[in-house]
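All values derive from a computational prediction rather than experimental measurement. A note on names: the letters A, B, ... follow the listed sequences, proteins ahead of strands, and every chain is numbered from 1.
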Protein chains: 2
Amino acid sequence: MDTDKVFKALGDPTRRRLLDLLCEQNGQTLGQLCENLEMARQSATQHLEILEAANLVSTVRRGREKLHFINPVPLHEVYERWVRKFERQRLTLLHDLKKELEGE
Amino acid sequence: MDTDKVFKALGDPTRRRLLDLLCEQNGQTLGQLCENLEMARQSATQHLEILEAANLVSTVRRGREKLHFINPVPLHEVYERWVRKFERQRLTLLHDLKKELEGE
DNA sequence: ATAATATGCAGGTAAATACCTGCATGTCAA
DNA sequence: TTGACATGCAGGTATTTACCTGCATATTAT
């Protein structure tokens, strides 16, 4: 997994909106997705390319249409490998802060 | 929580590195953090300001030093409110894909 | 007091990013 | 086959971003 691509992809609100839309209804076409965004089709295409490069979205052609499917695996991997390690800190934060303020 | 600020903050590898450094040792000064980055102090300062604006880092002044503490709460909230909703999709993805390929 | 240290502030530049318009290609339906 | 439709491709621009240099301020130690 390319962690940087995943985080960069998630760093834009339009792309998170696209993932939201696919979460509501998976397998939407480019046109369908565009109806819910306030931007030109080409802009949406670029966002979808970034999501696809991050492996957050997979596509399948059906005739002249392109269907988009969400892939939640990278999200879960990001959580497993990156977010969880910080959760331990929640318990020790106040303790560390107090110690530091006391001059260690 | 400002979701956009959190995601934008996490979208940069230097800022994720800073969070990693704080995870290893909480409460580091700006100078300590800079020793582990290959960039000017002012650049690191800007990154830390972004992390602070996203509430991922809190700071405390001690004399002429500025101590930085990681705050994992926004990360956990991002996970709770945003990542979890996509996990359900993991089970239905293949099913949806198959249905779509068959022409629905 | 003064020198060293830690950080803050004010810009300036180059690259990345997000957006667009215009035209081309491929597919379906009448 | 021809017109309508869905998407692809090639640029162009304006904003944002990441980085820097130079100088200012505040704190500590001698």
Side-chain angles (χ1 to χ4, degrees), chain A residues 2-22 25-54 56-69 100-104, chain B residues 2-22 25-54 56-69 100-104:
Chain A
D2 188 327
T3 305
D4 193 50
K5 280 187 183 174
V6 174
F7 275 110
K8 283 243 171 72
L10 296 174
D12 181 90
T14 300
R15 292 193 281 272
R16 291 196 301 275
R17 176 102 178 93
L18 282 166
L19 291 179
D20 276 334
L21 290 170
L22 288 180
Q25 188 193 335
N26 213 358
Q28 292 187 69
T29 66
L30 173 59
Q32 285 178 300
L33 292 168
C34 283
E35 285 170 16
N36 293 284
L37 299 180
E38 284 143 10
M39 61 176 59
R41 174 179 54 83
Q42 286 80 353
S43 306
T45 300
Q46 289 184 333
H47 284 300
L48 286 165
E49 280 169 359
I50 290 169
L51 288 170
E52 202 170 346
L56 286 160
V57 162
S58 303
T59 60
V60 176
R61 282 211 82 114
R62 186 178 60 186
R64 61 185 164 183
E65 293 175 318
K66 188 171 185 178
L67 308 180
H68 297 78
F69 294 87
E100 282 295 333
L101 284 172
E102 287 166 356
E104 217 155 352
Chain B
D2 188 327
T3 306
D4 193 49
K5 281 187 182 174
V6 175
F7 275 109
K8 282 244 172 71
L10 296 174
D12 181 271
T14 299
R15 291 192 284 272
R16 292 196 301 276
R17 175 100 177 93
L18 282 166
L19 292 179
D20 276 333
L21 289 169
L22 288 179
Q25 188 192 335
N26 212 358
Q28 292 187 68
T29 67
L30 174 58
Q32 285 178 301
L33 292 169
C34 283
E35 286 171 15
N36 292 284
L37 299 180
E38 284 142 10
M39 61 177 58
R41 174 179 54 84
Q42 285 80 352
S43 307
T45 299
Q46 289 185 333
H47 285 300
L48 286 165
E49 281 169 359
I50 290 169
L51 288 170
E52 201 170 347
L56 285 161
V57 162
S58 303
T59 61
V60 176
R61 281 211 82 113
R62 186 178 60 186
R64 63 185 164 183
E65 293 174 318
K66 188 172 188 180
L67 308 180
H68 297 78
F69 295 87
E100 283 295 333
L101 285 172
E102 287 165 357
E104 214 155 351

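- Rounding to whole angstrom units, CD of residue A/Glu38 and P of C/dC19 are separated by 11 Å.
- Residues B/Arg61 and B/Arg64 come closest through the heavy atom pair NH2-O, 3.2 Å.
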Going through the distances and angles, do B/Lys66 and B/Thr29 end up as a side chain to side chain contact (heavy atoms under 4.5 Å, CB included)? CA-CA 5 Å; B/Lys66 188 172 188 180; B/Thr29 67; over 6 Å; no

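- Scanning all heavy atoms of the two residues, the minimum distance from A/Arg16 to A/Leu10 falls at NH1-O, 2.7 Å.
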When the side chains of residues 42-51 of chain B are checked against the rest of the protein, which donor-acceptor pairs come out under 3.5 Å, sequence neighbours left out?
unit_1  : atom_1 : unit_2  : atom_2 : d
B/Thr45 : OG1    : B/Arg41 : O      : 3.0
B/His47 : ND1    : B/Arg15 : NH1    : 3.0

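- Residue A/His47 has a polar side-chain atom (N or O) positioned under 4.0 Å from OP1 or OP2 of C/dC19.
- Rounding to whole angstrom units, CG of residue B/Asp4 and C1' of D/dT16 are separated by 13 Å.
- A heavy atom closer than 4.0 Å to some atom of DNA chain C occurs in no member of residues 5-17 of chain B.
- For the residue pair B/Thr59 and B/Glu52, a side-chain donor N or O sits within less than 3.5 Å of a side-chain acceptor on the partner.
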When every nucleotide of nucleotides 3-13 of chain C is labelled 5' to 3' by its protein contacts under 4.0 Å (heavy atoms), B for base, S for sugar-phosphate only, - for none, what sequence of letters results? -BBSBBB----

Can A/Asn36 and A/Leu18 be said to form a side chain to side chain contact (heavy atoms under 4.5 Å, CB included), step by step? CA-CA 9 Å; A/Asn36 293 284; A/Leu18 282 166; over 6 Å; no

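- In terms of heavy atoms, B/Val60 sits closest to B/Phe69 at CG2-CE1, 4.2 Å.
- For C/dC20, one of the phosphate oxygens OP1 or OP2 lies less than 4.0 angstrom from a side-chain nitrogen or oxygen of A/Ser43.
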A/Leu30 and A/Leu67: CA distance, side-chain angles, deciding distance, side chain to side chain contact (heavy atoms under 4.5 Å, CB included) verdict: CA-CA 7 Å; A/Leu30 173 59; A/Leu67 308 180; over 6 Å; no

